[in-house]
Amino acid sequence: MASNSDLVSDTQRTLYPYVTGTSVVALKYKDGILMAADMGGSYGSTLRYKSIDRLKPIGKHSLLGASGEISDFQEILHYLDELILYDNMWDDGNSLGPKEVHNYLTQVMYNRRNKFNPLWNALVLGGVKNGQKYLGMVNMIGINFEDNHVATGLGNHLTRPILRDEWHENLTFEEGVKLLEKCMRVLLYRDRSAVNKIQISKITEEGATLFPPYSLKTYWEFTAFKNPTVGAEGSW
Amino acid sequence: MFRNQYDTDVTTWSPAGRLFQVEYAMEAVKQGSAAIGLRSKTHVVLACVNKANSELSSHQKKIFKVDDHIGVAIAGLTADGRVLSRYMRNECINYSYTYESPLPVGRLVVQLADKAQVCTQRSWKRPYGVGLLVGGLDESGAHLYYNCPSGNYFEYQAFAIGSRSQAAKTYLERKFENFMGSSREELIKDALIATRESLQGEKLRSSVCTVAVVGVGEPFHILDQETVQKLIDEFEIVREDEPPAEPQPPAEQDAPADQGTGADQGAAAASPDVAPMDI
């Protein structure tokens, strides 16, 4: 029996990503979820696009942040658009919450992975419904989980340790933003695909708010930055 | 209803704008044994009269668990009811699988109604001959719906379908205003009393009825015979003190059948001699 991957020629499948977004970081705070991402779209090693919106509200209760292939992200937005549309068409007072959207996305991502035609993304899905906060992640191979704070890509390695130390239940909005900025600053220093134009968005029971993009203040006068290779292995 | 020249096909309208086949399907529901449903803010109780054909056979299953948060009681062609229950279970499980969340009752009921409507508009199909009382829990609270063979559905505070359901409905009409605030026990008691009304003088025993409950923190489940009998015994004693609240049947009819002693099982069997209530 011919499977879909036999019938679909290589040029129709995602083999490698082209325009990619880097890390997304998100955490639960007192009133809901805070999410941050920069606005960069890299074309390989070129920082080609500097105004890509990687955080989008979904329905009334959720926020989606994506890293990875931007065109696949746009495809996912299209699927979710349809999902929310049909949900609204019931017109019956019920609505899909963040948990439902996250599980739907998990099914989509895992199914595509099984057909060897993945959507090359790592997605962060957060939201609040009926007072219940939800924050989850799903990536291109279908790995998914929920936690109090999540990150994608390099964020997993650089920012999760910070969050594990400094996150606590019932952060205020200001504390949450400060913590996110700290995470984004580390990424800015250390991730070569990061650009200094970040967007923070929050979602609470009242709805989603996307704040206008801004730049982080950076300090490059650290002594460690001045002569980075002094004393390195193999140097003299 | 009488036979006429417009009733052969479900796809034939009568000059008065009626689809007789659909109406005949609704008749089938009225012939089935009674099913009753009531709800409060937090619970839904379904009860039905379950009489076996003979002492040798088992009862027909009329209450089905559809999911942890939804159950259904049927009246009419039980085979149709079984098939529709399977459909409902499928829909619930598919939704749960994709969204890891329970399917809202309101949506299931609409899907069921749409399925029934299809059968009223295809010349090669016939309408389902079963009425369904769907009880379930949502984010928005407890709900009770009635799905008709016509493809209509209605939400109810309390309802009864099937044969001699009018007696139950009359009882429920008197009490329904308080149901929203009822406790779980009060609701079950009212369901059992309503079931007894449908039995029309026959003694209420757990062997002739089935009761199921779903509520906040309580997944849908059918109560076992022992529990039901205990509940019946509890309020049967209380009932002695109740003023004669039965709607129409003459007092003499009740007296021999419901005095609650074991010997009267024989008297109950004799009550078929008394003419059944005209609905």
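Reminder, nothing fancy here: chain letters follow the sequence lines and each chain counts from 1.
Proximity to chain A among residues 136-160 of chain B is limited to B:Asp138, B:Glu139, judged by heavy-atom separations below 4.5 angstrom.
The 12-atom threshold is not exceeded at NZ of A:Lys182, counting heavy atoms of other residues, nucleotides or ligands nearer than 6.0 Å.
Taking the six-membered ring where tryptophan is involved, the planes of A:Phe211 and A:Phe173 are tilted, since the angle between them lies from 30° to 60°.
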Checking salt bridge (charged side-chain N to carboxylate O under 4.0 Å, His left out) for the pair A:Lys202/A:Asp31: CA distance, chi angles, key distance, verdict?
-> CA-CA 9 Å; A:Lys202 75 169 169 121; A:Asp31 305 324; over 6 Å; no
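Within the 4.5 angstrom heavy-atom criterion, atoms from both the backbone and the side chain of B:Tyr97 approach chain A. Residue contact with chain B, scored on non-hydrogen atoms closer than 4.5 Å, involves the side chain of A:Asp92 exclusively. The part of A:Leu96 that comes within reach of chain B is its side chain, from C-beta onward, which places non-hydrogen atoms under 4.5 angstrom from that chain.
Listed by first then second residue, pairs satisfying side-chain hydrogen bond (donor to acceptor under 3.5 Å, both in side chains) with a partner in residues 75-91 of chain A read A:Asp87-B:Arg107, not counting sequence neighbours. Contacts classified as salt bridge (Lys or Arg N to Asp or Glu O under 4.0 Å) and involving residues 99-112 of chain A (residues at least two apart or in different chains) are not found.
For B:Thr210, the side-chain hydrogen bond (donor to acceptor under 3.5 Å, both in side chains) criterion is met by B:Asn50, not counting sequence neighbours.
Both cation-pi conditions hold for B:Lys115 and B:Tyr87: the charged atom is under 6.0 angstrom from the six-membered ring centre and inside a 45 degree cone around its axis.
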